[in-house]
Asks: 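To start, I am sharing the structure in question, which I have written as structure tokens.
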Amino acid sequence: MFINSFTGNKNIRLSLEERIKSAKLSHAVLIFAKEGCGANFFARLLAADIIGADKDSFHLIEQNAHGQVQIIRGSGASGQIKVDSVRAINENVNFSSLGGEKRVVIIENCENFNLSSANALLKNLEEPKDDITYILTTTDTSKILSTIRSRCQVYSLVQPTMAECKEYFANVNRTEKDELIKIYSGNIGMVKAALENPKRFEILQKALEAQKYINSADKYALAKLLYGFNKKKEEFTLFLKDIEYICGSKLSQNNINILNAVTDAKNAMERNANLGLIMQNFIISVKSSK
């Protein structure tokens, strides 16, 4: 089965395999995982197994071009899933398939539902059709309506072990590979992004520089570095995530204070506060942590 190619989480894979083979899989599945742990990829693998896809048709699923699998993603900077996207899916699934084949709807990062889109989906979950399976993914279950969660079979993917991560990248010939695995504590998605995306690797290097400036109380160098993120909210968000990984691997008192400053910055960004002010407050907070 396709899900058996996924790294780690053997018990979950075996459970889902048994449910598919015995036709006992719920009509709605919620897959939770930390960012970078592959929830969306796992959802595609699971969808392929549900419809009985082969390797060629799996590529169509990945491209959202398979007739039996539809994928909903959020749009815009916020990634919000709008009600029109859900209604379009609802119109399609309200009709039974002509050949009686299984169909799957994947909704990625469903924590980005607004109230209208969540309620639109809820109507279909309350009256499921036999030939439809919904697979929802999320990085934050606390943001999902309890009425949706209660109608789903929930699976929580755990991050692969360091050994599993090293095995995954065994054939990658890059000198920085081992250091990335260490920094990201075996998070395959984060390591892969840094290896494949030069901009992503550059942001990580800036996070490592920032930690040095913070520890040496060089607020001028830190301010100069952060200024490079001016009007680049998405890049600054990635920078904060990298700081979390770097400081989270060694919880000294100073790193704990830095993590608190990161949390404050992330909360301010969720409130759409001014980015320049967020950076300024970050500098003040980490300066006082020395």
Side-chain angles (χ1 to χ4, degrees), residues 3 12 16 19-20 23-35 37-51 53 57-58 60-157 234 237 269-272:
I3 55 174
I12 289 176
L16 285 168
R19 286 181 178 276
I20 292 171
K24 292 182 179 179
L25 185 67
S26 172
H27 70 279
V29 175
L30 174 62
I31 300 171
F32 163 73
K34 286 176 57 179
E35 183 177 357
C37 288
N40 292 337
F41 180 58
F42 189 85
R44 293 176 176 83
L45 295 172
L46 179 58
D49 287 332
I50 291 171
I51 68 170
S57 55
F58 179 70
L60 294 176
I61 293 174
E62 289 192 298
Q63 297 165 13
N64 199 13
H66 195 291
Q68 291 173 250
V69 180
Q70 295 174 281
I71 301 175
I72 296 178
R73 302 184 181 94
S75 59
S78 66
Q80 188 177 93
I81 301 171
K82 298 181 180 179
V83 65
D84 289 345
S85 298
V86 180
R87 285 172 177 165
I89 291 292
N90 287 352
E91 288 180 7
N92 289 333
V93 302
N94 279 337
F95 298 95
S96 298
S97 58
L98 295 177
E101 69 271 9
K102 293 288 186 181
R103 293 180 291 168
V104 178
V105 175
I106 298 174
I107 304 177
E108 297 181 349
N109 303 103
C110 64
E111 69 272 12
N112 292 328
F113 275 134
N114 58 38
L115 187 58
S116 296
S117 55
N119 284 331
L121 174 68
L122 187 59
K123 292 179 181 179
N124 274 23
L125 296 185
E126 288 173 339
E127 299 177 2
K129 290 187 173 295
D130 291 339
D131 60 341
I132 300 291
T133 301
Y134 289 87
I135 305 176
L136 286 65
T137 71
T138 184
T139 58
D140 189 348
T141 55
S142 68
K143 293 183 179 180
I144 299 172
L145 288 179
S146 59
T147 47
I148 289 181
R149 180 169 178 168
S150 66
R151 287 167 173 78
C152 296
Q153 214 163 50
V154 182
Y155 293 91
S156 297
L157 302 180
E234 290 184 9
T237 300
M269 292 181 75
E270 287 188 2
R271 299 193 301 270
N272 291 318

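What you see below is based on every heavy atom in this structure, not just the backbone, and it leaves out hydrogens, waters and symmetry mates. What you are looking at is a predicted structure, and each value in this text was computed from that prediction instead of being measured.
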Asks: Check whether any side-chain N or O of Ser117 sits under 3.5 Å from a backbone N or O of Ile81 as a donor-acceptor pair, and report yes or no.
Replies: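 Pair found, side chain donor or acceptor close to backbone of Ile81.
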Asks: State which residue, out of Thr139, Thr138, Ile31, Ile135, fulfils the side chain to side chain contact (heavy atoms under 4.5 Å, CB included) condition with Cys110.
Replies: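 Output: one option passes, namely Thr138.
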Asks: Measuring only between side-chain heavy atoms, which start at C-beta, is Leu145 closer than 4.5 Å to Phe113?
Replies: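 In short, these two side chains do not touch, never coming nearer than 4.5 Å.
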Asks: How close do Ile106 and Ala43 get, counting heavy atoms only, and between which atoms?
Replies: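 For Ile106 and Ala43, the tightest heavy-atom pair comes out as CD1-O, 3.7 Å.
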Asks: Determine whether Asn64 and Arg73 make a side-chain contact, defined as any pair of heavy atoms from C-beta on separated by less than 4.5 Å.
Replies: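 In contact.
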Asks: Once rounded to the nearest 0.5 Å, what's the spacing between atom CD of Gln70 and atom OG of Ser85?
Replies: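 Result: 11.5 Å between the selected atoms.
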Asks: Considering non-hydrogen atoms only, spot the tightest contact between Gln68 and His66 and give its length.
Replies: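 Heavy-atom minimum between the residues: N-ND1, 3.0 Å.
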Asks: NZ of Lys129 to CZ of Arg103: how many Å apart, nearest 0.5 Å?
Replies: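 These two atoms lie 8.0 Å from each other.
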Asks: Can you tell me how far the CG atom of Asp131 sits from the CD1 atom of Ile51, to the nearest 0.5 Å?
Replies: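 Going from CG on Asp131 over to CD1 on Ile51, the span is 12.5 Å.
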Asks: Might you point out which heavy atoms bring Ser116 and Val83 nearest each other, and give the distance in Å?
Replies: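 Closest approach of Ser116 to Val83, heavy atoms only: O-CG2, 3.7 Å.
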Asks: Walk me through whether Ile20 and Leu46 qualify under side chain to side chain contact (heavy atoms under 4.5 Å, CB included).
Replies: CA-CA 9 Å; Ile20 292 171; Leu46 179 58; 3.7 Å; yes
Asks: Measuring from Leu157:CG to Thr137:OG1, what's the distance to the nearest 0.5 Å?
Replies: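 One finds 10.0 Å between CG of Leu157 and OG1 of Thr137.
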Asks: Leu45 versus Phe58: any side-chain heavy-atom pair under 4.5 Å?
Replies: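 Result yes, sub-4.5 Å side-chain heavy-atom pair found.
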Asks: So, for Asn112 and Gly79, which heavy atoms are closest and what is the spacing to 0.1 Å?
Replies: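 Residues Asn112 and Gly79, closest heavy atoms: CB-O, 3.2 Å.
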Asks: Do Val105 and Asn124 touch side chain to side chain, with heavy atoms closer than 4.5 Å?
Replies: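 When only atoms from C-beta onward are counted, Asn124 and Val105 do not touch, as no gap falls below 4.5 Å.
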Asks: Is any side-chain heavy atom of Thr147 closer than 4.5 Å to a side-chain heavy atom of Glu126?
Replies: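 When only atoms from C-beta onward are counted, Glu126 and Thr147 do not touch, as no gap falls below 4.5 Å.
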Asks: Using side chain to side chain contact (heavy atoms under 4.5 Å, CB included), reason through Phe42 and Leu16 one step at a time and then give a plain yes or no.
Replies: CA-CA 11 Å; Phe42 189 85; Leu16 285 168; 3.6 Å; yes
Asks: Using the side chain to side chain contact (heavy atoms under 4.5 Å, CB included) rule, take Thr237 and Glu234 through it: C-alpha gap first, then chi angles, then the decisive distance, then the call.
Replies: CA-CA 5 Å; Thr237 300; Glu234 290 184 9; 5.5 Å; no
Asks: Provide the closest heavy-atom pair for Arg151 versus Ser26 in the form atom of the first, atom of the second, distance.
Replies: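 For Arg151 and Ser26, the tightest heavy-atom pair comes out as O-OG, 4.4 Å.
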Asks: Is it the case that over 12 heavy atoms from other parts of the model lie below 6.0 angstrom from the CD atom of Glu127?
Replies: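 Not buried by this count: 12 neighbours or fewer within 6.0 Å.
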Asks: Are Arg44 and Ile71 packed together at the side-chain level, in the sense that at least one heavy-atom pair is separated by less than 4.5 angstrom?
Replies: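 Yes, their side chains come closer than 4.5 Å.
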Asks: Check whether any side-chain heavy atom of Leu121 sits under 4.5 Å from a side-chain heavy atom of Leu136, and report yes or no.
Replies: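 Of all side-chain heavy-atom pairs linking Leu136 with Leu121, at least one is under 4.5 Å.
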Asks: Kindly indicate, with the supporting measurements, whether the criterion side chain to side chain contact (heavy atoms under 4.5 Å, CB included) is fulfilled by Asn109 and Asn40.
Replies: CA-CA 8 Å; Asn109 303 103; Asn40 292 337; 3.5 Å; yes
Asks: Which is it for Ser142 and Asp140 under the side chain to side chain donor-acceptor pair (under 3.5 Å) test, yes or no, and what are the steps along the way?
Replies: CA-CA 5 Å; Ser142 68; Asp140 189 348; 2.5 Å; yes
Asks: Is there a donor-acceptor pair closer than 3.5 Å between any side-chain N or O of His27 and the backbone N or O of Asp130?
Replies: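 Here the side-chain-to-backbone pair does not exist.
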Asks: State, with a plain yes or no, whether a side-chain heavy atom of Phe32 is found less than 4.5 Å away from one of Ile144.
Replies: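 Of all side-chain heavy-atom pairs linking Ile144 with Phe32, none is under 4.5 Å.
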